[in-house]
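Reviewing the structure listed below.
In what follows, every heavy atom counts, from backbone to side chain, and hydrogens, waters and symmetry copies are set aside. For reference, positions follow the sequence shown, starting with 1.
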Amino acid sequence: MAPLLALQEDLKELRETFRSGATRTVAWRKAQLRSLVKLLREQEDQIFAVLHEDLGKHRVEAYRDEVGIVLKSLTYSLKHLEKWVAPKKVQLPLVFFPAMGEVVPEPLGLVLIFSSWNYPIGLSLEPLIGAISAGCTAVIKPSEHAPATSSFLAKAISRYMDTKAIKVIEGGVSVSEHLLQEKWDKIFFTGSAQVGRVIMSAAAKHLTPVTLELGGKCPTVLDSRLSSSDREMAVKRISSGKWGCCNSQACLAVDYLLVEEKLASTLIDLLKKSIKRLFGEKIVETRASGKIVNKHHFKRLCRLLEDPGVSKSIVHGGSVDEDKLFIEPTILLDPPLASELMTEEIFGPLLPIITLKNIEESIEFIHSKPKPLAIYVFTKDEMLKRRVLSETSSGSVIFNDVLIHYVSAELPFGGVGKSGIGSYHGKFSFDTFSHEKAVLRRYFFLEPQARYPPWNDYKLKFIRLLYRFDYFGLLLLWMGLKR
Ligand code: NAD
């Protein structure tokens, strides 16, 4: 069958499945979540293999950042699903008396999930958990830049999941463009801000709601007032948030560091030691830090380094090898702020250090840039923490660590401004794929005439009174009148 015709057939089947109501039952949702658990458990070795093939990820990293987190989310959703699905009773104003109000979560319908290549399992399945929990049917379009994982997902999903309700459609930009011409009930996109704009304008045609999980430059502030042991621990965490997660090709990776001038040389020494601890003495020969995903991104990163102002600022590293797509963990001190390195998301193992006279200046520095996905601040100073929270805006703020908030199902994960729209994880994923339907039930007795014309002053007084009280107020009023 011609690909376009096949796509139409697939979408027709998915829409009919949703229309049939099959995906709305809690039993179906739970069965699908359990199948996903089974898939991850039975196919774990295969997942490790494809993640290694596409990205050179070690199995520990693959489990820590993808398989383990998705399994954790599945357990969490299975545990809470019934509570999430249940209508929530609400208190109504007296004006409606007697009436009952409820908020009923309703699945949005057929949803499209675009994922990116850096965490191709996690970023495909984590939103799928939300879509299934909410009772939606779904199409996943994995990134073509992680081809082994994309093909694995297509095969595994069709083997383990209800294929009338969940499908994987593989392909590159042209397939994405075809998908975007269709009418969806929600588009959930993980990727760059540039493609995010394409998604949003396509969605606007059908007024389709979107969640955009984008990237940006995550700043990290290191306070020089920390003791030397705290500082060492901070640098260890910063290094893992820079070089220990998909070779820094991560939306939440530490993008640049803000420190006081007096700390710069100590910090550079600590970072160099940290790189050796992570990857050994001979990283240039062993290439132990992992590869850049493809030539396009390799060349983009080399271009950042070729800027004369930037290359002058390299204080450690800087070797590259195009055949192996290798870029050495590189530290740069005070590169020009107008360079592309400092204006665009780096998404690679280059770490600029920007020095400030006073750590308080970091707040204005961050505030003057687009709102990041995360801000990391290493400090014990409560005033500085308070100022960061109240004077900057970001998807999240983490004090004294990096990235770990991604693991929590209780915290919403998402950006703000240029780093994204909407959030997910845990209940937030369920909400992302649900509509909160307002339901109000009235009865056929008690009918205050004040709501109807002809108007008079008494009716105005009466309505004023009704608007001031809820049911509880009515009870008080009644008790007052009885006395
Ligand atoms: P990308 O925007 O190039 O691609 C993302 C998805 O969009 C892929 O599935 C791709 O096939 C599709 N796509 C690409 N071009 C398209 C087009 N013209 N029309 C329609 N669809 C198109 O992003 P990427 O390179 O996969 O990922 C890197 C970016 O994603 C970085 O900016 C990173 O910060 C961000 N990211 C964000 C998160 C998050 O959770 N917030 C996670 C990972 C990556």
request  = Assess whether salt bridge (Lys or Arg N to Asp or Glu O under 4.0 Å) is satisfied between Lys437 and Glu106, documenting all intermediate values.
outcome  = CA-CA 6 Å; Lys437 183 152 73 180; Glu106 173 182 272; 2.5 Å; yes
task = Verify side chain to side chain contact (heavy atoms under 4.5 Å, CB included) between Thr211 and Ile421, making sure each step is shown before the conclusion.
result = CA-CA 5 Å; Thr211 293; Ile421 297 174; over 6 Å; no
Does the [X] side chain pair with the main chain of [Y], one donor and one acceptor, at a distance under 3.5 Å?
{"X": "Glu66", "Y": "Gly122", "value": "yes"}
{"X": "Glu213", "Y": "Thr190", "value": "no"}
{"X": "Arg225", "Y": "Asp381", "value": "no"}
{"X": "Ser77", "Y": "Leu74", "value": "no"}
{"X": "Ser150", "Y": "Ala146", "value": "no"}
{"X": "Ser362", "Y": "Ile359", "value": "yes"}
{"X": "Glu170", "Y": "Ser151", "value": "yes"}
{"X": "Asp255", "Y": "Ile346", "value": "yes"}
{"X": "Ser339", "Y": "Asp307", "value": "no"}
{"X": "Asp223", "Y": "Leu226", "value": "no"}

inquiry  = Before you tell me yes or no, could you show the steps for Leu36 and Met161 under side chain to side chain contact (heavy atoms under 4.5 Å, CB included), namely the whole-Å CA-CA distance, both residues' side-chain angles and the distance that decides it to 0.1 Å?
reply    = CA-CA 7 Å; Leu36 212 43; Met161 310 301 288; 3.8 Å; yes
Does [X] reach the side chain of [Y], with side-chain heavy atoms less than 4.5 Å apart?
{"X": "Ile238", "Y": "Leu257", "value": "yes"}
{"X": "Phe18", "Y": "Pro107", "value": "yes"}
{"X": "Leu81", "Y": "Val26", "value": "yes"}
{"X": "Glu144", "Y": "Ser176", "value": "no"}
{"X": "His367", "Y": "Glu391", "value": "no"}
{"X": "Thr220", "Y": "Leu258", "value": "no"}
{"X": "Glu260", "Y": "Thr355", "value": "no"}
{"X": "Cys136", "Y": "Lys186", "value": "no"}

Can you confirm if the aromatic rings of [Y] and [X] lie within a centre distance of less than 6.0 Å?
{"X": "Phe413", "Y": "Phe428", "answer": "no"}
{"X": "Tyr256", "Y": "Phe365", "answer": "yes"}
{"X": "Phe188", "Y": "Phe433", "answer": "yes"}
{"X": "His58", "Y": "Phe48", "answer": "no"}

request  = Quick one: do Asp230 and Ser227 satisfy side-chain hydrogen bond (donor to acceptor under 3.5 Å, both in side chains)? Show the steps, please.
outcome  = CA-CA 5 Å; Asp230 288 343; Ser227 68; 3.3 Å; yes
query = Is atom CZ of Arg24 surrounded by more than 12 heavy atoms (other residues, nucleotides or ligands) closer than 6.0 Å?
reply = yes
request  = Count the heavy atoms belonging to other residues, nucleotides or ligands that lie under 6.0 Å from NZ of Lys291, then report whether that count exceeds 12.
outcome  = yes
Check [X] against [Y] and note the closest heavy-atom contact, atom names and distance.
{"X": "Leu304", "Y": "Leu341", "value": "CD2-N, 3.9 Å"}
{"X": "His425", "Y": "Leu411", "value": "CB-O, 3.9 Å"}
{"X": "Glu328", "Y": "Ser319", "value": "OE1-OG, 2.7 Å"}
{"X": "Cys246", "Y": "Leu55", "value": "SG-CD2, 4.4 Å"}
{"X": "Asn294", "Y": "His145", "value": "ND2-ND1, 3.6 Å"}
{"X": "His316", "Y": "Ile275", "value": "CD2-CD1, 3.8 Å"}

Rounded distance [0.5 Å steps], [atom1] in [X] versus [atom2] in [Y]:
{"X": "Trp184", "Y": "Glu182", "atom1": "CH2", "atom2": "CD", "answer": "6.5 Å"}
{"X": "Ser124", "Y": "Lys141", "atom1": "OG", "atom2": "NZ", "answer": "9.0 Å"}
{"X": "Leu305", "Y": "Ile314", "atom1": "CG", "atom2": "CD1", "answer": "5.0 Å"}
{"X": "Leu384", "Y": "Thr379", "atom1": "CG", "atom2": "OG1", "answer": "4.5 Å"}
{"X": "Met233", "Y": "Ser228", "atom1": "CE", "atom2": "OG", "answer": "11.5 Å"}
{"X": "Leu71", "Y": "Leu39", "atom1": "CG", "atom2": "CG", "answer": "10.0 Å"}

query = Does the salt bridge (Lys or Arg N to Asp or Glu O under 4.0 Å) test come out yes or no for Lys88 and Glu102, once each step is laid out?
reply = CA-CA 5 Å; Lys88 315 273 172 307; Glu102 304 180 308; over 6 Å; no
task = Look at the rings of Trp117 and His297 and say which category their plane angle falls in: under 30° parallel, 30 to 60° tilted, over 60° perpendicular.
result = tilted
ask   = Which word best sums up how the rings of Trp84 and His80 line up, parallel for under 30°, tilted for 30 to 60°, or perpendicular for over 60°?
value = parallel
query = Which of these passes side-chain contact (heavy atoms from CB on, under 4.5 Å) with Leu351: Leu271, Thr330, Leu333, Ile268?
reply = Leu271
ask   = Hey, which of Val139, Thr23, Val111 is the one that makes side-chain contact (heavy atoms from CB on, under 4.5 Å) with Leu14?
value = Val139
message = Apply salt bridge (Lys or Arg N to Asp or Glu O under 4.0 Å) to residues Arg303 and Glu306 and explain how you reach the verdict.
response = CA-CA 5 Å; Arg303 224 180 31 246; Glu306 280 156 15; over 6 Å; no
task = Could you walk me through whether Asn400 and Lys385 pass the side chain to side chain contact (heavy atoms under 4.5 Å, CB included) test, one step at a time?
result = CA-CA 10 Å; Asn400 300 324; Lys385 289 182 192 175; 4.3 Å; yes
key: Candidate pair Tyr160 and Gln43, rule side-chain hydrogen bond (donor to acceptor under 3.5 Å, both in side chains), full reasoning   = CA-CA 11 Å; Tyr160 284 85; Gln43 298 297 321; 3.0 Å; yes
request  = Would you tell me whether Tyr119 and Glu126 have side-chain atoms, one donor and one acceptor, within less than 3.5 Å of each other?
outcome  = no
task = In sequence, state the C-alpha distance, the side-chain angles, and the governing distance for His405 and Leu252, and then conclude on side chain to side chain contact (heavy atoms under 4.5 Å, CB included).
result = CA-CA 10 Å; His405 60 303; Leu252 282 173; 3.7 Å; yes
ask   = Between Glu82 and Lys30, is there a side-chain N and carboxylate O pair less than 4.0 Å apart?
value = yes
